[in-house]
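As structure tokens, the structure follows; a few thoughts come after it.
Just so we're on the same page: letters track the sequence lines, and every chain starts at 1.
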Amino acid sequence: MYEGIVQDLIDELGRLPGIGPKSAQRIAFHILQTQSFDVARLAEILTTVRERVKFCSICGNISEQDTCTICRDPRRDPALICVVEEAKDVVAIERTREFRGLYHVLGGAISPIDGIGPDDLSIRQLMQRLADGTVQEVIIATDPNLEGEATATYLSRLLTTLEIRVTRLASGLPVGGDLEYADEVTLGRAFEGRRSVS
Amino acid sequence: MPGQWDDRGVPVYRDEAVVLRTHKLGEADRIVTMLTRQHGKVRAVAKGVRRTASKFGARLEPFMVADVQLWEGRTLDVITQAESLGSYGTLITDDYGSYTAASVMVETADRVTESEGSLQQYLLLVGALRSLSRREHAPTLTLDSYLLRALSVAGWAPTFTDCARCATVGPHHSIVVQLGGVVCDTCAPPGAPKVDAVTIGLLGALVEGDWPTAEAASESTRSKASGIVAAYAQWHLERGLRSLPHVSRESS
């Protein structure tokens, strides 16, 4: 245990995700010992980010304005909506440069064991976006884990009542992996989603 | 139950396990809580499991049954290998009602094995998940039957025939969850709720696994029985089950 403010700093850093007590101590001493470290700039950025960054009123993505850059971009296809769990997933899909539609960020996945049900996600807002008939296809891109699959099942059941094409991202063998190590579920999905090459 | 060592001298053990839940750890790892056949409840680290090219793939997702090999760690054990024995997860999540029911089952298993697990609890949970994945019965019936039986194995067996307090031979029509099931008119506290004979019959069928009787019950009877089972489970587990309010009675 350190005295006073140093321990306070270690404790606060230790509350960040993925930072254990040892890492918190290392970062704290880096801040204390490195002359060139611009602490004032870090503090300013942390304050500004909390003040300026909010969630897009349309899709729930992070934004510095009322709506995010993707929702404001007139070149994006408004007939396509890709539903993701977190804003981090938007960045991952944008890196592919394959998708030119809009997004909808749910804010998580249905997980009853964690007390998260459909009402805790922005599903109602999604249904409101689909009500005007502009959207022709909803691509469900929730994580390929249990909660993500259950959320996709729930959404697809809900969306079948609307006359909109509902698709799910393909899942199968990862590029660079060995077939012999693939589990039955992944390999089974790869067979289901196989495509013709000739 | 150590006794084996790997080539670096680290103690290893192997067991069959059903995955109850997972928690994210660091960049790409997870802490996996499992109910094992021989070692009770085990919390272990699955390294790199969140990476898309992980060797574990879907084998360590909740509701999956796997043959696992673990290193004994100082605080948490480390999963080194996993082979699927029952891929129930994907079949269960294809039906939203089954998913919510299975979530309550694994949360209950996690709670009733807090002090120590047992082979009976393991087999009961695996059987219930298998039944859900095969759509053998309505998910809520499977769930209610599982809850009553898991609580029975844990030492809180309900009675739906003779009086839970004085053992007077039934049938009785008052149910008091705090007393452990049906009670006679003499033992029933003032204001104890009266329950119709059909609902009590369904509750008895769920404990015994009398599926023809259970399947024949109407939706309203099933709903009343579910309310009593939920109250019974919440009372004996002391803290409420977080997943229980999310149970969906509709199947997709």
Distance (rounded to the nearest 0.5 Å) between A:L146 CG and B:L60 CG: 12.5 Å
So, B:S84 and A:E184: side-chain donor and acceptor under 3.5 Å apart, yes or no? yes
State the CD1-CD distance between B:I92 and A:E149, to the nearest 0.5 angstrom. 13.5 Å
Flag if over 12 foreign heavy atoms under 6.0 Å of CD, A:E94: yes
Just wondering, are more than 12 heavy atoms of other shown residues or ligands nearer than 6.0 Å to CZ in B:R14? no
Note: vs chain A, highest number of non-hydrogen pairs under 4.5 angstrom among B:T22, B:L20, B:D110, B:T90 is B:T90
Is B:F63 in contact with chain A via its backbone, its side chain, both, or neither, using a 4.5 Å heavy-atom distance? side chain
To the nearest 0.5 Å, atom OG1 of A:T153 lies from atom CG of B:D94 at 5.5 Å
Structural part of A:A152 lying under 4.5 Å from a heavy atom of chain B: neither
Could you check whether any side-chain N or O of B:Y99 sits under 3.5 Å from a backbone N or O of A:I110, counting only pairs where one atom can act as donor and the other as acceptor? yes
Any chance you could measure A:I116, atom CD1, to B:S103, atom OG, to the nearest 0.5 Å? 11.5 Å
Only pairs of heavy atoms separated by less than 4.5 Å count here; which of B:E61, B:K55, B:M64 has the most with chain A? B:E61
Examine whether an atom of B:L25 lies under 4.5 Å from a heavy atom of chain A, and if so say whether it belongs to the side chain, the backbone or both; otherwise answer neither. neither
Mark yes or no for whether A:D183, through its side chain, and B:R59, through its backbone, hold a donor-acceptor pair below 3.5 Å. no
Sort A:D114 into side chain, backbone, both or neither according to what part of it lies under 4.5 angstrom from a heavy atom of chain B. both
Would you indicate whether A:I5, at its atom CD1, is surrounded by more than 12 heavy atoms from other residues, nucleotides or ligands within a distance under 6.0 Å? no
Check whether more than 12 heavy atoms from other residues, nucleotides or ligands sit under 6.0 Å from atom CZ of A:F55, and answer yes or no. no
More than 12 foreign heavy atoms under 6.0 Å from CD1 of A:I62: is that the case here? no
Is it the case that over 12 heavy atoms from other parts of the model lie below 6.0 angstrom from the CZ atom of A:R72? yes
